Enquirer: 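Following this message is one structure expressed as structure tokens.
The shown structure was predicted, so the numbers you read here are calculated from the model rather than taken from an experiment. Only this structure's heavy atoms are used, side chains among them; waters, hydrogens and symmetry mates stay out.
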Amino acid sequence: MTEQGTAHEPKHKQDLTRRKVVAVGAGAVVAVGVGGTVATGAFAGDTGAADATAATASSSAGACYKLTSETVEGPYYIDADKIRQDITEDQEGIPLTLTLKVIDADTCKPVRNAAVDVWHCTALGVYSGYESVGNGGGGGAPSGAPTDAPSGTPTDVPSGTPTGEPPSGGPGGGGGGHVEPTDDERYLRGTWKTDKHGTVTFTSVFPGWYQGRCVHIHVKVHVDGAWTDAGYEGGHTCHTGQLFFAEEAVLRTEDVAPYSANAVTRTTLTEDTIYPQNGAEGGLLTLKYNKNRISKGVRAALTLGVTPDETHEG
């Protein structure tokens, strides 16, 4: 049964290791696309649905889907803190509708009732919950820009950017540890439940960038938890990955406010050492937008092939 409804956001929990997802009622989940177009699940009729269609076709043919690459979690994950589909809050940027379809890579069957977490930085490279670590603003680089880039990333940074020790845990590219939140902000973060088709849709803004990383979104998929009237507890994380954007789209955002105020030298997709350089299998999103008016919005979609019985914490 397709899930819908506006979940009540729980108060901030001090114990972030306990995953709680509010159970939702029955109904139809729809996503409003660019120009007001309404799409259900993956964007039916456009290129955004290509991965979902391929998964169905391969299943019926006796083959199946490639596993989506596991990547590092990075230091700025906050466990199931906001249960919602619209994660924008008051953040400015190009509207983004993100649709993910989660399937079992062995059987190609949809993974239903999974809890999917997504989180990403602002147009100026700041993560909520960590504003004191990375404070974007003006035309300069975010102060203390996030450091989930791999060790060995070039350290020549714009003048005025702090060059002290990174947060405890070190660079996420080396499997760095989690950093505890420094504030209660939670914009551009959210968790939602996959429907009977394994599909979940989020509304956000196009991510920006910070030193050492290309433009990306973090994602986790949790399964085998218990759904109750109070929420979702237990289970395990079967996928930790990152979602990436083609260079053509990112280049078009650079002249759009507030991205145009981000003066950090941007790492390209081919330069990024976390992206596996293997297309959709590595998390490269299928995008749809008006090339001459990207500011009007972008729709992004991807099928995630996971192994539900395995644990991948990143």
Enquirer: Keeping Y77 on the side-chain end and K220 on the backbone end, is there a donor-acceptor pair under 3.5 Å?
Expert: no

Enquirer: Quick one: NE2 on H222 to NZ on K193, what's the gap to the nearest 0.5 Å?
Expert: 14.5 Å

Enquirer: Looking only at heavy atoms, which two atoms of L100 and V116 are closest? And how far apart?
Expert: CD1-CG1, 4.2 Å

Enquirer: Do you know which two heavy atoms are closest between I294 and A249, and how far apart they sit?
Expert: CD1-O, 3.6 Å

Enquirer: If only atom types and distance count, is the side chain of K101 paired as donor or acceptor with the main-chain N or O of H197 below 3.5 Å?
Expert: yes

Enquirer: Between atom CD of E281 and atom CG of L304, what is the distance when rounded to the nearest 0.5 Å?
Expert: 12.0 Å

Enquirer: I need the I78 CD1 to D117 CG distance, nearest 0.5 Å.
Expert: 11.0 Å

Enquirer: Determine whether I87 and K82 make a side-chain contact, defined as any pair of heavy atoms from C-beta on separated by less than 4.5 Å.
Expert: no

Enquirer: Of all heavy-atom pairs between R213 and F244, which one has the smallest distance, and what is that distance?
Expert: NH2-CE2, 3.5 Å

Enquirer: Go through T270 and E247 one step at a time and tell me if the side-chain contact (heavy atoms from CB on, under 4.5 Å) criterion holds.
Expert: CA-CA 9 Å; T270 55; E247 275 296 300; over 6 Å; no

Enquirer: Say you draw a straight line from CG of L284 to CD of Q277; how long is it, rounded to the nearest 0.5 Å?
Expert: 9.5 Å

Enquirer: Kindly indicate, with the supporting measurements, whether the criterion side-chain contact (heavy atoms from CB on, under 4.5 Å) is fulfilled by L96 and F245.
Expert: CA-CA 12 Å; L96 175 72; F245 294 79; 4.3 Å; yes

Enquirer: Within the 4.5 Å heavy-atom criterion, are F206 and V215 side-chain neighbours or not?
Expert: yes

Enquirer: Under 3.5 Å, is there a donor-acceptor pair linking the side chains of S260 and D255?
Expert: no

Enquirer: To the nearest 0.5 angstrom, please state how far the CZ atom of R84 sits from the OG1 atom of T203.
Expert: 11.0 Å

Enquirer: So which heavy atom on P258 is nearest to which on A123, and how close?
Expert: CG-CB, 3.5 Å

Enquirer: Where the side chain of N262 meets the backbone of W209, is there a donor-acceptor pair that is under 3.5 Å apart?
Expert: yes

Enquirer: Find the distance between CZ (R293) and CZ (R252) and round it off to the nearest 0.5 Å.
Expert: 13.5 Å

Enquirer: For the pair Y210 (side chain) and C121 (backbone), establish whether a donor and an acceptor sit closer than 3.5 Å, ignoring hydrogens and angles.
Expert: no

Enquirer: Would you mind telling me which of D86, T97, T99 makes a side-chain hydrogen bond (donor to acceptor under 3.5 Å, both in side chains) with T201?
Expert: T99

Enquirer: Can L269 and E248 be said to form a side-chain contact (heavy atoms from CB on, under 4.5 Å), step by step?
Expert: CA-CA 10 Å; L269 190 65; E248 180 182 359; over 6 Å; no

Enquirer: Do T71 side-chain atoms and Q242 backbone N/O form a donor-acceptor pair below 3.5 Å?
Expert: yes

Enquirer: Verify side-chain contact (heavy atoms from CB on, under 4.5 Å) between T267 and Y275, making sure each step is shown before the conclusion.
Expert: CA-CA 11 Å; T267 297; Y275 172 54; over 6 Å; no

Enquirer: Would you find a donor on one side and an acceptor on the other, under 3.5 Å apart, between the side chain of T237 and the backbone of T311?
Expert: no

Enquirer: List the atom of D183, the atom of S132, and the distance in Å for their closest heavy-atom pair.
Expert: OD2-N, 4.3 Å

Enquirer: Please give me the minimum heavy-atom distance between L98 and L243, naming the atom from each residue.
Expert: CD2-CD1, 4.0 Å

Enquirer: Exactly one of L302, V111, T303 should register a side chain to side chain contact (heavy atoms under 4.5 Å, CB included) with V102. Which one does?
Expert: V111

Enquirer: Is there a side-chain contact between V306 and H312 in this structure, where contact means two heavy atoms from C-beta onward sitting under 4.5 Å apart?
Expert: no

Enquirer: Determine whether a donor-acceptor pair (N or O, by modelled atom type, separation under 3.5 Å) exists between the side chain of T182 and the backbone of G129.
Expert: yes

Enquirer: Might you confirm whether atom CD of E92 has over 12 heavy atoms from other residues, nucleotides or ligands at distances under 6.0 Å?
Expert: no

Enquirer: So S204 and L188, do their side chains get closer than 4.5 Å, heavy atoms only?
Expert: yes

Enquirer: Using only heavy-atom distances, determine whether the side chains of H239 and T68 contain a donor-acceptor pair under 3.5 Å.
Expert: no

Enquirer: Is the backbone of C238 close enough, under 3.5 Å, to the side chain of E310 for a donor and an acceptor to pair up by distance?
Expert: no

Enquirer: Can you hop from L67 to V223 via hydrophobic side chains spaced under 4.5 Å?
Expert: no

Enquirer: Among E185, H120, R189, H218, exactly one meets side-chain hydrogen bond (donor to acceptor under 3.5 Å, both in side chains) together with Y127. Which residue is that?
Expert: H218

Enquirer: Pick out which of Y187, W119, Y76 makes a ring-ring contact (aromatic ring centres under 6.0 Å, His included) with Y130.
Expert: Y76

Enquirer: Are any side-chain N or O atoms of W192 and backbone N or O atoms of F202, one a donor and one an acceptor, separated by less than 3.5 Å?
Expert: no

